[in-house]
**Q** 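My questions all concern the structure below.
We count ligands from 1, going down the list as the structure has it; atoms in each ligand are counted the same way.
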Amino acid sequence: MSLGEFSLIERYFSEPAPAGALGVGDDAARIALPPGTALVACKDLLIEGRHFFPDVAARSLGHKALAVNLSDLAAMGAQPMACMLGLGLPRVDEAWLAEFAQGLHALARQSGCPLLGGDTVRHDAGVIVSVTALGTLPVDHPGLRRAAALPGDDIWVSGFLGAPDIALALLKGELTQNPALLDRLRSSLEYPVPRLSLGRALLSLAHAAIDVSDGLAQDLGHILMASRCGAILEEQALPVHPALADIEPVRLRQAILNGGDLYELCFTAPAAKRDQIDALSVKLAVPLSRVGSITNSPGLWLKDRRGQRLAVSPKGYDHFAGHA
Ligand code: ADP
Ligand code: MG
């Protein structure tokens, strides 16, 4: 690569490691686990043309590549500790790299998740970004597992639903152009905020949790499958993003139930925790909505505004759907 692989790494990806840790520059990184913790690890892979547009703002890509992993740590209730970056680049574009690195390092600093290493290779067929995030959980806590929902649990969702899905549809030209609306929704798609403090606080309140990356129906469906139970959602309780009031109702329902890229947390908790969860919402200034309940019988149902029960199919995003 023109700048040279090693000077590129040195210039853009060598932030100082935290005290006592070994970061970028040796054969591997080293970091001490805080006493009494277990290691939690996750990894996401983002490919140009599949997960992001070729002309996406590089800063947004740097942010999002880390954010989607922090969201997975949040959904376990874990505390971030460090991250690693795998990068495939068709060319060395320094302006692009500077923006990308800023987006990643800014979120890394903000969330206490410094970049400690990675690998950089040339990849002619487009940009590939893969971040591995490492975090910790108390050694005696299994984390917020998908399999831990119980019949009778309330179902909760953080934040608002629908915005990134509508933003994506506007960018793709699937909805009539509306620059003012796109302005309001764009950051939800490009700069998702991982719910880390919420996830950690839920360790003592929630049973199961998942982050909504592929759509509420599909991701809640993973909890139901793992926990061998069903659920009913109340349509009127679903927290629709306030900017979406004018979206046609059928399209809106699709955005709310099946829209991905959201990175809010969906979690289940016993009814006895309602007051504490409401108080947590105030304390963290994060909207938390009670949207339904876990049932004994399998299946996912939506009770609409007229009280009718509709079966919900988990049609979120599936990379292999139709490619059997
Ligand atoms: P090796 O050949 O031993 O795998 P590299 O030459 O690939 O080592 O990497 C040199 C150092 O730079 C290592 O510490 C590695 O973790 C780090 N590194 C390489 N690419 C990245 C990247 N994209 N982000 C952060 N660190 C990186
Ligand atoms: Mg290498």
Side-chain angles (χ1 to χ4, degrees), residues 1-34 37-74 76 78-136 190-194 196 213 263:
M1 294 192 165
S2 46
L3 174 63
E5 180 187 336
F6 303 109
S7 21
L8 180 163
I9 295 164
E10 171 74 28
R11 188 167 304 172
Y12 298 108
F13 299 118
S14 304
E15 295 271 287
L22 183 62
V24 171
D26 217 304
D27 295 312
R30 177 190 187 277
I31 190 165
L33 280 174
T37 63
L39 183 68
V40 182
C42 60
K43 177 178 204 66
D44 257 305
L45 180 61
L46 304 178
I47 293 180
E48 179 177 320
R50 171 94 30 102
H51 304 95
F52 56 92
F53 297 115
D55 62 349
V56 70
R59 186 188 300 260
S60 151
L61 186 61
H63 172 97
K64 198 161 170 178
L66 177 56
V68 298
N69 283 284
L70 293 176
S71 179
D72 281 324
L73 291 185
M76 294 304 289
Q79 160 114 38
M81 182 172 63
C83 64
M84 312 282 284
L85 170 66
L87 198 54
L89 299 171
R91 72 192 76 83
V92 175
D93 174 342
E94 289 210 50
W96 190 95
L97 273 164
E99 290 277 314
F100 176 88
Q102 275 173 30
L104 188 127
H105 290 311
L107 181 60
R109 269 193 295 274
Q110 205 180 304
S111 42
C113 194
L115 181 64
L116 291 192
D119 201 17
T120 308
V121 299
R122 178 155 166 188
H123 183 250
D124 290 330
V127 174
I128 297 183
V129 189
S130 181
V131 170
T132 300
L134 305 173
T136 57
E190 296 183 342
Y191 294 93
V193 179
L196 286 162
S213 50
Y263 307 107

**Q** Counting from 1, what ligand 1 atoms have a heavy atom of D27 closer than 4.0 Å?
**A** 3 (O)
**Q** Flag the pair L134 / L116 as yes when at least one side-chain heavy-atom distance between them is below 4.5 Å, and no otherwise.
**A** no
**Q** Can you name the one residue among E99, E94, Q102 that meets side chain to side chain donor-acceptor pair (under 3.5 Å) with Y12?
**A** E94
**Q** Is it the case that over 12 heavy atoms from other parts of the model lie below 6.0 angstrom from the CD atom of E10?
**A** no
**Q** Side-chain contact, heavy-atom cut-off 4.5 Å: E15 with L115?
**A** no
**Q** Pick, from L89, L115, L85, I9, the option with the minimum heavy-atom distance to atom 12 (O) of ligand 1.
**A** I9
**Q** Using a 4.0 Å cutoff against the non-hydrogen atoms of G117, which atoms of ligand 1 qualify?
**A** 16 (O), 24 (N), 25 (C), 26 (N), 27 (C)
**Q** Nearest heavy atom to atom 18 (N) of ligand 1: which of G86, G118, C83, A28 does it belong to?
**A** G118
**Q** Mind checking whether K64 and H51 have side chains closer than 4.5 Å, heavy atoms only?
**A** no
**Q** Below 30° counts as parallel, above 60° as perpendicular, anything between as tilted: where do the rings of F13 and H105 land?
**A** tilted
**Q** Say whether L116, considering both its backbone and side-chain N or O atoms, lies within less than 3.5 Å of an N or O atom on ligand 1.
**A** no
**Q** Which of the atoms in ligand 1, numbered in the order shown and given with their element, are less than 4.0 Å from a heavy-atom of F13?
**A** 23 (N), 24 (N), 25 (C)
**Q** For ligand 1, which atoms have a heavy atom of G25 less than 4.0 angstrom away?
**A** 11 (C), 13 (C), 14 (O)
**Q** Does some side-chain heavy atom of V127 sit less than 4.5 Å from a side-chain heavy atom of V56?
**A** no
**Q** Could you work out, for atom 23 (N) of ligand 1, the closest of V24, T120, D26, L104 by heavy-atom distance?
**A** T120
**Q** Please verify whether a non-hydrogen atom of F6 lies at under 4.0 Å from ligand 1.
**A** yes
